[in-house]
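From a predicted model like this one, the values you see are computed outputs, not experimental measurements. Below, read A as the first sequence line, B as the second, and so on, with proteins coming before strands; counting in each chain starts at 1.
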Amino acid sequence: MDKLTSQEKDFSTWYNNIVLRAELADYAPVKGCMVIRPYGYGIWENIQSILDKMIKSVGVQNAYFPLFIPESFIHKEKEHLAGFSPELAVVTYGGGKELEEKLIVRPTSETIINAMFSKWIQSFRDLPLLINQWANIVRWEMRTRLFLRTTEFLWQEGHTAHSTHDEASEMALTILTIYRDFMQNTLAIPVIYGTKTLSQRFAGAIETYTIEAMMGDRKALQAGTSHDLGQNFSKAFDITYQTKENKLDYVWQTSWGVSTRLIGAVVMVHGDDKGLVLPPNIAPIQVIIVPIWKGDEKGKTVKAVLSLEKRLKNNNKDSGSSLRVRVDTREEFTPGFKFNEWEMKGIPLRVEIGPRDIENSTVTIARRDEGTRMVVKSSEAVEVIIRTLNEIQKNLFLKARRFIDNNTYLVDDWKEFKHKTGFILSHWCGSAECETNIQNETNMTIRCISMDTEEEEGKCIFCGKQSKRRVVFAKAY
RNA sequence: CGGGGGGUAGCGCAGCUGGCAGCGCGCUUGGUUCGGGACCAAGAGGUCGCCGGUUCAAAUCCGGCUCCCCCGACCA
């Protein structure tokens, strides 16, 4: 097996190699599309199951809407249409005949879901209506990258309707908080969060909230969005309800989503030159046990290995959160080969049980995040493994946090601004013109107007006009 | 859409001054190994991206087409 291209040498090649060699995904026969392989899909399933519980915890229910959207629906909200029309896939034939009305393959489901909402919502008693769906969508992007931007991708999209703007706005922020917590606690990826500028707002929203993460090459990746849609869609789709006072009013709405892009983020935030590094909370395999034997020791070794596997799997079994463990008993590979292979796949912990361990009643435990090894008593193995997995989860977050901190700069000088890479906190006057000029000259965009920064008097980094707060600039994926 | 690279065994590639289609890894079988990518032996595996042309003869030369990847513009 060849060595990986290093991150340092070519981050993009490194990323592609990891995705392919860790068997997360493969290129599909259709341009811009990918096949998510079992190992990569296992990560997605873990993301789904954890995030799904969080979404449901605030009263949202799952449903499923069709892949096809009548073309006329897309035309109902004009900003939405303008934003999406360049990247739509359209079906014109079906059953051997040209269709009377073309069908759009959904690029997002606001239109078809809201068409249904207008049927379902009559009274204030029907509100709030809180719906989520796990689905695939299609956007005909010019340039694609595995997980980060593919023609078809998987995501969850939430769509809600409320009786007041305050309530809708609060919903959009509640979801933003859920996304932030999920990123940080589950994926171990620190994020900044805030609002998008007008020019980067979702097509049809009155406010777009975003969470942004920093990848290993210091570029930003938008990891999730939550939109305050105001009444734009309810007016376009005539979603009205009768108030307590017997008046007719339009509902206030939100929509929000995260996608399989998160898997790409995990790769680019935690991965290293040995391969993938997975946070234990989403790793399909948390512990890999590698038996090592010479000659006739096989029987004893396998017995010890299977016994440890059983103890790990039975731990906490009743609470449904038992450890995900696998034993690598393949005889056609040497231990050294297996070590490298499982490191490529990012397994958080490796347990080795060999002749020395058998003799001393110990096991050897190797951490993927720090590359360290320790020998512990067999009787204490389960306890140590659980504790270490927790430490790895925390350590990955702290390392990533430190990386962001070390690559975030307060910049007030234009020359300095142009030469920095990372998150740049600078003043901006608020004009779209400056935003565009800055992008043209530096390739950097405003990632978000962070909710964590205080108001502060200053001067726009580009034009020098008055500014009330710093915003976050970065080059982005 | 602009710039670059590429399509030859499952993967990575060589062969391109026409003349029996190769190498490494992987795969199969048997044996020896096993604490950081083991070794020996014997095997299996190909319409050289597609169409056409030149030639006694084309992976190789000529024309056309097509698909993929990377960098940029666009975007989650």
Checklist entry - Base, sugar-phosphate alone, or nothing: which one does A:Arg330 contact when heavy atoms must sit under 4.0 Å apart? => result nothing

Could you write out each protein N or O paired with an N or O of nucleotides 40-42 of chain B at a distance under 3.5 Å?
none

Next on the checklist: Rounded to whole Å, please give me the gap between OH in A:Tyr477 and P in B:rC74.
Outcome noted: 17 Å

Item to check | Counterpart residues, salt bridge (charged side-chain N to carboxylate O under 4.0 Å, His left out), relative to A:Glu23 (two or more places apart) | outcome: A:Arg37, A:Lys345

Next on the checklist: I'd like to know if A:Glu343 reaches the base of B:rG36 with its side chain such that a donor and an acceptor end up less than 3.5 angstrom apart.
Outcome noted: yes

Checklist entry - Heavy atom of residues 290-298 of chain A under 4.0 Å from RNA chain B: which residues? => result A:Ile292, A:Trp293, A:Lys294

Checklist entry - So, are A:Arg373 and A:Glu352 salt-bridged, with charged N and O less than 4.0 Å apart? => result yes

Next on the checklist: Under 4.0 Å, heavy atoms only, any strand: does A:Leu148 hit a base, just the sugar-phosphate, or nothing?
Outcome noted: base

Next on the checklist: Heavy atoms only, 4.0 Å cut-off, all strands: where does A:Pro86 land among base, sugar-phosphate and nothing?
Outcome noted: nothing

Checklist entry - Looking for any heavy atom pair under 4.0 Å, which part of the strands does A:Thr364 touch: base, sugar-phosphate only, or nothing? => result base

Checklist entry - Which pairs pass side chain to side chain donor-acceptor pair (under 3.5 Å) with one or both residues in residues 286-305 of chain A, sequence neighbours excluded? => result A:Lys298-A:Glu331

Next on the checklist: Looking at every non-hydrogen atom in both residues, tell me the closest pair between A:Met215 and A:Leu221 and how far apart they are.
Outcome noted: CE-CB, 3.7 Å

Checklist entry - Between B:rC75 atom C1' and A:Leu221 atom CG, what is the distance in whole Å? => result 12 Å

Item to check | Pairwise P distance for B:rG36 and B:rA41, with rounding to whole Å | outcome: 25 Å

Checklist entry - Under 4.0 angstrom, heavy atoms only, what part of the nucleic acid is A:Glu352 near: base, sugar-phosphate, or nothing? => result base

Identify the pairs formed between an N or O of the protein and an N or O of nucleotides 30-32 of chain B at a distance under 3.5 Å, and give each distance.
none

Next on the checklist: Aromatic contact between A:His159 and A:Phe233, with the criterion being ring centroids under 6.0 Å apart: yes or no?
Outcome noted: no

Checklist entry - If you measure from the Lys or Arg side-chain nitrogens to the Asp or Glu carboxylate oxygens, is any gap between A:Arg330 and A:Glu341 under 4.0 Å? => result yes

Checklist entry - Once you round it to whole Å, what is the distance between C1' of B:rA73 and CE of A:Met142? => result 7 Å

Checklist outcome for this item: Sorted by chain and number, sequence neighbours left out, salt bridge (charged side-chain N to carboxylate O under 4.0 Å, His left out) with A:Arg326 holds for none

Checklist entry - When you check the phosphate oxygens OP1 and OP2 of B:rA38, does a side-chain N or O of A:Thr334 lie under 4.0 Å from one of them? => result yes

Next on the checklist: Rounding to an integer number of angstrom, what distance separates B:rA21 and B:rG63 when you compare their P atoms?
Outcome noted: 26 Å

Checklist entry - Does the pair A:Arg387/A:Glu380 count as a salt bridge with the N-to-O cut at 4.0 Å? => result no

Checklist entry - Does a side-chain N or O from A:Asn16 land closer than 4.0 Å to OP1 or OP2 of B:rC70, or not? => result yes

Next on the checklist: Heavy atoms only, 4.0 Å cut-off, all strands: where does A:Asn443 land among base, sugar-phosphate and nothing?
Outcome noted: sugar-phosphate

Checklist entry - Which pairs, with at least one residue in residues 180-191 of chain A and sequence neighbours excluded, count as a side chain to side chain donor-acceptor pair (under 3.5 Å)? => result A:Arg180-A:Tyr193

Item to check | Interatomic distance where CZ belongs to A:Phe202 and P belongs to B:rC75 [whole Å] | outcome: 14 Å

Next on the checklist: Heavy atoms only, 4.0 Å cut-off, all strands: where does A:Asp357 land among base, sugar-phosphate and nothing?
Outcome noted: base

Next on the checklist: Mind checking if A:Glu141 touches a base, just sugar-phosphate, or nothing, with heavy atoms under 4.0 Å?
Outcome noted: base

Next on the checklist: What's the gap between B:rU55 and B:rC69 when it is taken at their C1' atoms, as a whole Å value?
Outcome noted: 35 Å

Checklist outcome for this item: Pairs under 3.5 Å (Watson-Crick or G-U), crossing ones as [ ], inter-strand ones as |: RNA chain B comes out as ((((((((.[[[[.)...(..]]]].((((((.....)))))).....[[[[[..)....]]]]])))))))....

Item to check | Steps toward side-chain contact (heavy atoms from CB on, under 4.5 Å) verdict (A:Val91, A:Tyr93) | outcome: CA-CA 6 Å; A:Val91 179; A:Tyr93 271 81; 5.7 Å; no

Next on the checklist: Output the rounded distance in Å from CG (A:Asn440) to P (B:rG72).
Outcome noted: 15 Å

Item to check | Atom pair distance, as rounded to whole Å: CZ in A:Arg21 and C1' in B:rG10 | outcome: 15 Å

Next on the checklist: If you assign each of A:Arg201 and A:Cys33 to its closest nucleotide in RNA chain B, which residue comes earlier from the 5' end?
Outcome noted: A:Cys33

Next on the checklist: Between B:rA58 and B:rU8, how far apart are the two C1' atoms, rounded to whole Å?
Outcome noted: 14 Å

Checklist entry - Can A:Arg367 and A:Asp369 be counted as an ion pair, charged N to O under 4.0 angstrom? => result yes

Restricting to nitrogen or oxygen on both sides, can you table the protein-nucleotides 65-68 of chain B pairs closer than 3.5 Å?
{"residue": "B:rC68", "atom": "OP1", "partner": "A:Lys31", "partner atom": "N", "Å": "2.9"}

Checklist outcome for this item: Note: A:Ile18 and A:Leu276 closest approach over all heavy atoms is CD1-N, 3.8 Å

Checklist entry - ring-ring contact (aromatic ring centres under 6.0 Å, His included) with A:Trp414: which residues, sequence neighbours excluded? => result A:Phe417, A:Phe462

Checklist entry - Roughly how many Å is it from CZ in A:Phe333 to P in B:rC39, rounded to a whole number? => result 14 Å

Next on the checklist: Does this structure show an ion pair linking A:Arg350 with A:Asp328, if we count only N-O contacts that are shorter than 4.0 Å?
Outcome noted: no

Checklist outcome for this item: Per nearest nucleotide of RNA chain B, the residue lying toward the 5' end, A:Gln439 or A:Thr13, is A:Thr13

Next on the checklist: Need one value for A:Thr150: base, sugar-phosphate or nothing, where a base atom within 4.0 Å counts as base even if backbone is also close, heavy atoms only.
Outcome noted: base

Next on the checklist: For A:Glu110 and A:Thr108, which I'm curious about, is there any donor-acceptor pair between the side chains at under 3.5 Å?
Outcome noted: yes

Item to check | Whole-angstrom distance between B:rA42 and B:rG35, as gauged at atom C1' | outcome: 31 Å

Checklist entry - Given the P atoms of B:rA44 and B:rU28, what is the spacing between them in whole Å? => result 15 Å

Item to check | Pairing residues for A:Ser234 by the side chain to side chain contact (heavy atoms under 4.5 Å, CB included) criterion, not counting sequence neighbours | outcome: A:Gln231, A:Ile239, A:Tyr250, A:Val251, A:Gln253

Item to check | Atom C1', compared across B:rC25 and B:rG45: separation rounded to whole Å | outcome: 14 Å

Item to check | Residues which pass side chain to side chain contact (heavy atoms under 4.5 Å, CB included) with A:Glu207, listed by chain and number, not counting sequence neighbours | outcome: A:Thr195, A:Arg201, A:Tyr209, A:Asp228

Checklist entry - Among A:Trp155, A:Trp44, A:Phe65, A:Tyr64, which one satisfies ring-ring contact (aromatic ring centres under 6.0 Å, His included) with A:Trp134? => result A:Trp44

Checklist outcome for this item: In short, A:Met344 meets A:Ala22 closest at the heavy-atom pair O-CB, 3.7 Å

Next on the checklist: In this structure, how many angstroms lie between the P atom of B:rA76 and the CE atom of A:Met34, rounded?
Outcome noted: 17 Å

Checklist entry - How far, in whole Å, is B:rA59 from B:rA14 if one measures between their C1' atoms? => result 12 Å

Item to check | Distance-only donor-acceptor test, A:Arg373 side-chain atoms vs B:rG35 base atoms, 3.5 Å | outcome: no

